[in-house]
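Below: the structure, in structure tokens.
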There are 2 protein chains.
Amino acid sequence: MPRATKIEPERGGARTRLLEAARDIIRQKGFSGTTVDDLCKAAGVTKGAYFHHFSSKEALGVAAAEFWADTTSALFAQAPYHKPEDPLDRVLAYIDFRKAIIEGDPAEFTCLVGTMTQETFQSFPAIRDACATSILDHAATLEPDIAAAMKLHGTTASDWTAQSLARHTQAVLQGAFILAKATNDPAVARESVDHLKRYIQLLLA
Amino acid sequence: MPRATKIEPERGGARTRLLEAARDIIRQKGFSGTTVDDLCKAAGVTKGAYFHHFSSKEALGVAAAEFWADTTSALFAQAPYHKPEDPLDRVLAYIDFRKAIIEGDPAEFTCLVGTMTQETFQSFPAIRDACATSILDHAATLEPDIAAAMKLHGTTASDWTAQSLARHTQAVLQGAFILAKATNDPAVARESVDHLKRYIQLLLA
DNA sequence: ACGTACATACCAACCGTATGGTATGTACGC
DNA sequence: GCGTACATACCATACGGTTGGTATGTACGT
């Protein structure tokens, strides 16, 4: 899709660079707090290039959410937590994996679509929907392992489902990110993830 | 503090009306997405009145977080969940209370300071700190009941504390709000709160 | 093989408006 | 008459978005 040329080797990558800039800057300042000029400056492109690729700022928000969904799902698909044979171990390994990447600057480990959801859910439904798809699709990848663990360990659940537990894991992570941002301390978020892991062990083991 | 007059009976309440407007509009559009004119219009005051009470938009953000902390802590202090004699029942009643108020429009039941934290934690440290205080102080009100429940039920916790569990409840609620906004469905949030309640029961009963 | 037609990717400069913020004045209570 | 609580009018800038253009690549008929 990119198109390199002789005199301008970067040519063709403006769209991707804008999406990467959006991922980084929106996580720092939020969607409304991020200006088109911010993005152009960070990506090293002009506003003409920006509006060539995105018809509006809202369109970039949607594309950024989709870009996030694509890149993160690729990351999780190749992560090592799928290896254990016991499905419960896979779920717990997923939790460990999520915990392990909570470190450093909150702007770098927190979730783009969770952040965008908060401020766009009323004003920009298209962005909200793209964010919802990203979150729910990721949660859905956990359902088979949870369901298999329930079956294997003879868990009888009358008042909850694999789907609701999968979504709950995402709620805990999103909430943990908020605490980490508020306190500027990843450790607070990791403690919540510990509670989540303990819950799943109590529930399924 | 308010000062009524003959020709302008609303006079004196501009600051409070601005803070109420901030509480409502920032929850809909976020802090950056909310303009000073939005607030003045909703509060029915002029920009002169606005800058008489708040030296900047950031100052209003801080005041709005403090206003939120004050009004919500008053609400929770007089809520009925403190009545049970068993401290575990009080904690569970708190969860039930939080679940019960999750209904209707997400903009009305979600948390102002959780929303503001997300977009201000880098750009406006003063706002972030006010948000953190609001969240952590509220979490701290749960600690005595959790600690008492641990003692009463002989819970032996080597790897977690009453404080971390109290904060975890707030993480779950904040995360549940994000899912509710993304899906535009309070039910998703309530299911996460159910998981939280189940966790506390497994842990402390 | 080559010219034409078209599409893609980008740039520089500009525009109308909305934004946060200010300067100045006035009504009112004490 | 003095401080507080506002109102009116205004400003410099930043904002999202537009315009018109150029360079590069591709499809295709001949």
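Bear in mind that the values here come from a model prediction, so they are computed numbers and not experimental data.
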Length of the line joining [X]:[atom1] and [N]:[atom2], which is rounded to integer Å:
X	N	atom1	atom2	value
B/Y50	D/dT8	OH	P	19 Å
B/F54	C/dT22	CZ	P	16 Å
A/R17	C/dA9	CZ	C1'	11 Å
A/L18	C/dC11	CG	P	10 Å
A/H53	C/dT8	NE2	C1'	9 Å
A/F51	C/dA13	CZ	P	18 Å

* Counterpart residues, side-chain contact (heavy atoms from CB on, under 4.5 Å), relative to B/E108 (two or more places apart) ->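 Per chain and number, B/E108 pairs via side-chain contact (heavy atoms from CB on, under 4.5 Å) with B/D105.
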* **Residues in side-chain contact (heavy atoms from CB on, under 4.5 Å) contact with B/A100, at least two apart in sequence or another chain** =>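 Result, side-chain contact (heavy atoms from CB on, under 4.5 Å) vs B/A100: none returned.
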* Sub-4.0 Å heavy-atom contacts from residues 32-46 of chain B onto DNA chain C, ordered by number ->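 Within this stretch, B/T34, B/T35, B/V36 sit under 4.0 Å of the strand.
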* Of all residues at least two apart in sequence or in a different chain, which pass the ring-ring contact (aromatic ring centres under 6.0 Å, His included) check with B/F67? ->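 Here no residue qualifies.
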* To do: With the side chain of A/K47 defined as its heavy atoms from C-beta on, choose the nearest nucleotide among C/dG20, C/dA9, C/dC14.
  =>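 Side chain of A/K47 sits closest to C/dC14.
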* Asked: Of the nucleotides C/dC10, D/dG16, C/dG21, which one has an atom closest to the side chain of A/A14?
  ->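 Nearest nucleotide to the side chain: C/dC10.
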* Asked: What is the ring orientation for B/H138 with B/Y94, classed by angle as parallel under 30°, tilted 30 to 60°, or perpendicular over 60°?
  ->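 B/H138 and B/Y94: tilted rings.
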* Ignoring backbone atoms, test whether A/H52 places a side-chain nitrogen or oxygen under 4.0 Å from the OP1 or OP2 oxygen of C/dC10. =>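 For C/dC10, OP1/OP2 do not have a side-chain N/O of A/H52 under 4.0 Å.
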Which donor-acceptor pairs under 3.5 Å do the side chains of residues 41-48 of chain A make with protein atoms, sequence neighbours left out?
| unit_1 | atom_1 | unit_2 | atom_2 | d |
| --- | --- | --- | --- | --- |
| A/T46 | OG1 | A/A49 | N | 3.4 |
| A/K47 | NZ | A/D37 | OD1 | 3.3 |

* To do: Kindly indicate whether the side chain of B/K57 and the base of C/dG21 share any N or O donor-acceptor pair separated by less than 3.5 Å?
  =>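 Donor-acceptor pair under 3.5 Å: no.
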* **salt bridge (Lys or Arg N to Asp or Glu O under 4.0 Å) partners of A/D38, counting only residues at least two apart** =>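 A/D38: salt bridge (Lys or Arg N to Asp or Glu O under 4.0 Å) contacts with A/K29.
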